[in-house]
Amino acid sequence: MDTQQFEKLLLQVQKPGRYSGGESGSIIKDKEKVDVRFAFCFPDTYEIGMSHLGMKILYSLFNSREDIWCERVFAPWTDFEAVMRENNIPLFALESRDAIKDFDFIGFTLQYEMAYTNVLNMLDLAGLPLKSADRTSLSPLVVAGGPCVCNPEPIADFIDLFFLGEGEEVDLEIIDLYKEHKKKGSTKEEFLRAAAKIEGVYVPSLYDIEYNEDNTIKSVTPKNGAPAVISKRIIKDMDKCYYPDNFVVPYIEIVHDRVVQEVFRGCIRGCRFCQAGFIYRPVREKSSDTVNRQARALCENTGYDEISLSSLSTSDYREIEPLLNKLLGWTEKSYVSLALPSLRIDNFSDELLDKIKHIRKSGLTFAPEAGTQRLRDVINKNVTEEEILNTCRTAFEGGYTAVKLYFMLGLPTETDEDLKGIADLGQKIVNEFYSMPNKPKGKSVSVSISVSTFVPKPFTPFQFEPQITKEEIHRRQEYLKSCITTRKISLSYHDSATSSLEGVFARGDRRLGAVIELAYKNGCTFDSWTECFDDEKWKKAFEDAGVSPEFYANRLRDYSEINPWDHLDYGVTKKFLIKENETAHNEKTTPNCREKCSACGAACYGEGVCFEKR
Amino acid sequence: MGRVFALRNVRIYFSKLGRMKFVSHLDLTRFMARLIKKSKIPVWYTEGFNRHIYMNFAVPLSLGFESTCEIMDIRIVDENFTNSQCLEQLNSVAAEDIKFFAVNDPVLPTKEIGYADFILSFEELKAETASKLSAFLQSDSILCEKTGKKGKVKQIDLIPKIKSFLLEDKTLNLTLVAGSEDNLNPSLVMDTFFSQTETEPIFYSVTRTAILDKKGNKFK
């Protein structure tokens, strides 16, 4: 690409830093000296994609190999897309500015369902046919990983192969296999058949799906030697697992503009709505020495002055106290700040408490998720009202005046009483503030309540549950609004149409591929952005494809029904999910992994919390 | 804190070229803070609640402009740390399109900045447009509207702010007032030219080539 011409075009768009490349830490190689070129695509904006830890890990891992050059690609925002199309600029990788259609791999990370149209748009901008079947040559291979791959069926028509679970090992195995086949001059078909034999690789074209008259799935039949069940991959020893010692540090400000240090994978809690809590099982921790060493190297190499510890629930880290002691041993001296998520600090030593007093804390946030104890038991969220009120009181005494609460609306068995409970809890926190004799003088309290809409997800005990309809979501939002009577409480909630659509794709099957393609052709992209989302276009796409969204989102699924993702194995068994679903309807909680093993199935990997000494 | 440091101001000269022109001033400050941190130069941090590296940029550069003459002041807390050490350590971590070429003791405070030199390179400049531009820059006054920081629109005359110009071939050299008291951006000159003379806008790139003091000498 002509640099001058390109840079002239960049000056026409907002935030040219999204497309300019050349950031510190970005990796430039000689393309003549590598065997495999990998375009790592994040189907959203630069600022969001660059904040994603998985991409940072895999980018550095791939580039640590001399024979691979991995480059980054993001979805161009609508202004730059228009410029690209007008000037016939194909989708390019940031490092080399080479068109990605000539790469060996085009790899997408699928973090949320609402990015699917962006995947199609990026393939189209690259100048490639959208459908896997229409791309006949061996390369570029279009591959995908990430949490959405636990039910990849809606997007299966467009992707050649999926990686299930954690990518550090399996991605390289596939790249090596590809190198062999490229040398041999294999066809795409030959390569995909061989690839399907690697554990953790799902090649959707090797499976025939048959449907019943009622549109449910009758059977999923593997062909050409593909396995009947595909198992996810996990990294067994987190201390030995690759972790980058440098990040690409953007010039423009991104969402998480700091060192992100992974502490462990998985979660012991088992909240029944939470997909991450199940698909990343079992919990595998890094030692505090590893975490400390990695965080320090990252700070030195990136120049960042802030570290955030990353996991699904950092307060459950067993070595949190030794870790903080180690980190604080050098961070303060080098003016590096630590961002601590709302930790359970009740059992820290006085010495450590004194140390972390100086740490800037993010706002006070809680995620009770439901407004009544009954419903919190249903979802297995073990937070009590008393705990919340006590922590708020302590925080108010410490000078805090703002609290943020996260809830979900539309949870299974939810009634109006549960919704009223949300407003009541907010009110109790306000009352708690005013009941304090030593409350901060001259200050008012503010409680922000953020309510998202529950979306039933595969591999959770609620995968069988109907999602409430768009109209009902709207009614419940209005009802909740009417329950709030004070200006001290502010309420925000998600758009009902987006949540409904997410519900459709989360548990959808292959017939939704046509809907995504039609919606994309109607002009849908960036569906997770309110300024871009157009529900009318989606409605038309469903109508034109003759597909009913209600079938996927709002129907109670029988335990015996074959789900579109039942041939994928994430460790957690369907039997366990059924048991958990029943326990939920009995309004009973399940102890966390460290209290008592509930035999979810994740012990099959032979590692992690399942084998900790109790 | 509690210790007494002999703080020493140093003035750093650097170029901002190529891809770095897409980095806005705000982003540049964050970039520099990280770069200085990586360079391990013993810099002074501000003493507030939110401690950060003290940096003072002489005149911010607009997004999209290149420069061969950027100036930034920092404070060194180690008396024995020399300017050449500082330069060496900065360049050891510098990016492709940022090069540090001098570190000196400041002579004048940044409020003494008076002018800046710019080179505007046009993609193409027809003889007719060139003569129109030349005549425009020699007008007695060029009145135009300038939107201030707070969104206030006020009427200004550009002529007193244009110290000199030289139009040769496809390049326009401009010396414009610069600094914290008064500042003229070359894009405002060109935008006004295009709109007031009803000329079809043509593409040009901008490079700042010198920062001058109030007497018109190189600012040091």
Distance-minimising heavy-atom pair for Asn301(A) and Lys38(B):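 The pair with the smallest heavy-atom distance is O-CD, 3.0 Å.
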
Considering non-hydrogen atoms only, spot the tightest contact between Tyr251(A) and Arg30(B) and give its length.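 What the structure gives for the nearest pair is O-NH2, 3.7 Å.
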
Which side chain to side chain donor-acceptor pair (under 3.5 Å) pairs, counting each pair once, include a residue from residues 182-192 of chain B, with sequence neighbours left out?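 Those involving residues 182-192 of chain B are Ser62(B)-Asn185(B), Lys161(B)-Asp182(B), Asn185(B)-Ser187(B).
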
As an exercise: rank Lys40(B), Arg19(B), Lys21(B) by heavy-atom pairs under 4.5 Å with chain A and give me the winner.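 Most heavy-atom pairs under 4.5 Å with chain A: Arg19(B).
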
Should we say atom CD of Glu88(B) is surrounded by more than 12 heavy atoms from elsewhere, each under 6.0 Å from it?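 Open.
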
Around Gln5(A), counting heavy atoms of other residues, nucleotides and ligands shown, do more than 12 lie under 6.0 Å from its CD?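 Yes, because the 6.0 Å sphere around CD of Gln5(A) holds more than 12 heavy atoms from other groups.
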
Neighbourhood of chain B inside residues 22-34 of chain A, taking heavy atoms under 4.5 Å as contact: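 From residues 22-34 of chain A, the residues near chain B are Gly22(A), Ser24(A).
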
Is there side-chain contact between Leu63(B) and Pro16(A), with at least one heavy-atom pair below 4.5 Å?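 Yes, close enough: below the 4.5 Å cut-off.
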
Would you check if Glu7(A) and Phe22(B) make a side-chain contact, meaning some heavy-atom pair closer than 4.5 Å?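 Heavy-atom side-chain distance check passes, below 4.5 Å.
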
For Thr302(A), does its backbone N or O pair with a side-chain atom of Lys37(B) as donor and acceptor, under 3.5 Å?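 Judged by distance alone, no pair lies under 3.5 Å.
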
Any chance you could measure [X], atom [atom1], to [Y], atom [atom2], to the nearest 0.5 Å?
X         : Y        : atom1 : atom2 : answer
Phe203(B) : Gln4(A)  : CZ    : CD    : 7.5 Å
Asp305(A) : Arg51(B) : CG    : CZ    : 12.0 Å
Phe65(B)  : Leu11(A) : CZ    : CG    : 9.5 Å

Just to verify, what does Ser24(B) make a side chain to side chain donor-acceptor pair (under 3.5 Å) with, not counting sequence neighbours?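 Only Asp27(B) meet the side chain to side chain donor-acceptor pair (under 3.5 Å) criterion with Ser24(B).
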
Could you pull out all residues at least two apart from Lys15(A) that satisfy side chain to side chain donor-acceptor pair (under 3.5 Å)?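 Lys15(A): side chain to side chain donor-acceptor pair (under 3.5 Å) contacts with Glu47(A).
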
